[in-house]
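Below: the structure, in structure tokens.
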Protein chains: 2
Amino acid sequence: MSEDPRPRRRQARGERRISQLLQAAADVFCANGYTAASTNAIAREAKVSPGTLYQYFPNKEAIAIELGGRLIHQMRETHGQVFTPENLSLPLPELIDAVLDPMVEFNCANPAFLALMHGSEVPGRIAEEHDELHASLLSQVRETIRAQAVPPLSPEELDRVADMAFAVFKGGLALIVAAPEGPVRDAAVAELKKVMLRYLSPIVGGAGPGTDPAAPAPAAL
Amino acid sequence: MSEDPRPRRRQARGERRISQLLQAAADVFCANGYTAASTNAIAREAKVSPGTLYQYFPNKEAIAIELGGRLIHQMRETHGQVFTPENLSLPLPELIDAVLDPMVEFNCANPAFLALMHGSEVPGRIAEEHDELHASLLSQVRETIRAQAVPPLSPEELDRVADMAFAVFKGGLALIVAAPEGPVRDAAVAELKKVMLRYLSPIVGGAGPGTDPAAPAPAAL
DNA sequence: GGCAAATACGAGTGATCGCTCGCACAATCC
DNA sequence: GGATTGTGCGAGCGATCACTCGTATTTGCC
């Protein structure tokens, strides 16, 4: 609750150590989970002594807080550029590309994000921030679907569809990040896009079977 | 390793204690995760002393092994009754009902299953058994889709579709078990069925938009 | 160079956890 | 009843973990 009036002068070396420690923490959290990750292991991974670690973080929880905070911040920047007014009125296939691609890229580049956000073992502060982010993302998804839905959905339906679209995305995302980098992962991304497109098409396209009423056997790609 | 030639005579009271301890372990694992769950907490939850707990389990891992084993066994029984030859040729909507309903029911009734199977913190033995179960389920899904696909899918496509269908189901399942029991959960289940139906329809129905009710009288069983 | 602050160290401390052990009670068999 | 064995207890042991502290080194500033 109290601001600290002495913001602790940091030298460049200190900032570097912090990044180094957070990177090490990300690796260890990712490999073993939050609870099983020991602060000594994090320090060892960062090639520093336990004492040095505690020079920059008051306790283990603070490490997760800071790491989670930075990841959430990056994620917010990512999805801030994703749900733009222009994207909002894009045709569905392009909209799905525009939304999924950055999300997939971020989560593949930062596996610690999912590891930290998912466990029920994480300290309460992280869980709170994650809930906020989740709610924020969800409302963006909801507004996007609302903007696209023809005819308009009832509020209850809108909630259900947004919740399910997000949950399904998360399920597919887990498959994608688990896939080996390369063509296999790309194919998985394409497949998830198919799921989303087929699920949402009837909602945006009125009663039609798909967004593209042309060729009955598209089977492209 | 070595079979034990002395299968340790158990009295009825002992069997009851074991069930009691496993139930307590399920609750504690579910609430705190495997690593954070202490054996003393499990014993306390079961209203017995730590010594009593260790009368029936050699160590903490064995508790998770036994609990996971029992849950996996139940799950196998469930999905053994799900993927039957009769169900294999069911129309898609009925097939989805037949597969999803028991799976959803099981996971809602046994939240410890997901809690135990999901963490990367669980002992290696559980992870192995879970991988086996996962592979088994996946192959059942694959065979079902293969039986339904018109025209037949290439092996690579079949793998991708089965993987994605399963991953998407798991994502939706997480939403469902998190939903409060009652109409909200039922609506979520119905919504997940929509996702699966819309995703798989183009695969089974050839070019058709949805489940073509061409065969009006399947009426078997 | 000289000083103060920041950085780095790593053995050590208290707490917690998995697990043990000695002993008492209860059930079963003869 | 006596013998044997399963059941139950809970204080306590060794290991591990989060975290500290006294001290040595490096950096920024004059």
Side-chain angles (χ1 to χ4, degrees), chain A residues 4-25 27-29 31-67 116 119 121-126, chain B residues 4-25 27-29 31-67 116 119 121-126:
Chain A
D4 62 17
R6 305 293 300 273
R8 180 89 178 165
R9 289 179 49 206
R10 287 252 129 89
Q11 300 179 354
R13 186 170 34 142
E15 297 292 343
R16 256 183 284 123
R17 276 271 180 266
I18 291 181
S19 299
Q20 183 183 357
L21 283 163
L22 288 177
Q23 179 59 51
D27 293 345
V28 178
F29 286 153
N32 307 104
Y34 172 78
T35 309
S38 80
T39 55
N40 288 12
I42 294 172
R44 206 181 314 121
E45 176 76 22
K47 311 279 180 53
V48 301
S49 79
T52 298
L53 187 154
Y54 281 93
Q55 178 117 21
Y56 298 102
F57 300 98
N59 50 48
K60 180 179 172 181
E61 181 174 342
I63 304 172
I65 301 282
E66 180 63 26
L67 179 59
L116 212 51
E121 51 176 4
V122 293
R125 190 71 175 72
I126 292 273
Chain B
D4 63 17
R6 305 292 299 275
R8 182 89 176 163
R9 287 180 49 207
R10 286 256 133 83
Q11 300 179 353
R13 189 172 29 145
E15 297 292 344
R16 257 183 284 122
R17 277 271 180 263
I18 292 182
S19 299
Q20 183 183 358
L21 283 164
L22 288 177
Q23 179 58 51
D27 293 345
V28 177
F29 286 155
N32 307 103
Y34 173 77
T35 309
S38 80
T39 56
N40 288 11
I42 295 173
R44 204 180 314 122
E45 176 75 23
K47 311 277 181 52
V48 300
S49 78
T52 298
L53 188 156
Y54 281 93
Q55 176 114 16
Y56 298 102
F57 300 99
N59 51 47
K60 179 179 172 179
E61 180 173 344
I63 304 172
I65 301 281
E66 180 63 26
L67 178 60
L116 211 52
E121 51 176 4
V122 293
R125 190 72 174 69
I126 291 272

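Naming: A, B, ... by sequence-line order, numbering from 1 per chain.
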Where F29(B) and L116(B) come nearest, the two heavy atoms and their spacing: CD1-CD1, 4.0 Å

Quick one: closest heavy-atom pair of K60(B) and T35(B), and the distance? NZ-O, 3.1 Å

Specify the closest pair of heavy atoms between Q20(B) and A46(B), including all atoms of both residues, with the distance to one decimal. NE2-O, 2.7 Å

Would you kindly give the CG-to-C1' distance between L53(B) and dC21(C), to the nearest whole Å? 16 Å

Whole-Å distance, R17(B) CZ to dA27(C) P, equals 12 Å

Between dG10(C), dC9(C), dA8(C), which one does the side chain of V48(A) approach most closely? dC9(C)

Integer-rounded Å distance: dT7(D) P and Y54(B) OH: 18 Å

How would you label the contact of G51(B) with the nucleic acid (heavy atoms, under 4.0 Å): base, sugar-phosphate, or nothing? base

Where do A24(A) and I42(A) come nearest, in terms of heavy atoms and distance? CB-O, 3.7 Å

What pair of heavy atoms forms the shortest contact from A36(B) to N32(B), and how long is it? CB-O, 3.3 Å

Short of 4.0 Å, heavy atom to strand atom, which residues of residues 57-66 of chain A count as contacting DNA chain C? none

Is L22(A) close to F57(A) at the side-chain level, that is, under 4.5 Å between some pair of heavy atoms? yes

Are Y54(A) and T39(A) packed together at the side-chain level, in the sense that at least one heavy-atom pair is separated by less than 4.5 angstrom? yes

Give a yes/no answer on whether the side chain of T52(A) brings an N or O atom under 4.0 Å of OP1 or OP2 in dC9(C). yes

Look at the side chain of N40(B) and decide which nucleotide, out of dG10(C), dG18(C), dA18(D), has an atom nearest to it. dG18(C)

Between CD of Q55(B) and P of dG22(C) the distance, given in whole Å, is 15 Å

Short side-chain N/O contact to dC17(C) OP1/OP2 from T39(B), under 4.0 Å: no

Between dG8(D) (C1') and R44(B) (CZ): distance, integer Å: 17 Å

If we ignore hydrogens and angles and just use 3.5 Å, is the side chain of E121(B) paired with the main-chain N or O of Y34(B) as donor and acceptor? yes

Determine whether L21(A) and I63(A) make a side-chain contact, defined as any pair of heavy atoms from C-beta on separated by less than 4.5 Å. no

On DNA chain D, nearest-nucleotide positions of E15(B) versus P50(B): which is more 5'? E15(B)

Give one of base, sugar-phosphate or nothing for A36(A), where a contact means two heavy atoms less than 4.0 Å apart. nothing

Look for any protein N or O under 3.5 Å of an N or O in nucleotides 25-30 of chain D and output each such pair with its distance, or none.
none

Between dA8(C) and Y56(A), is there an OP1 or OP2 to side-chain N/O distance shorter than 4.0 Å? yes

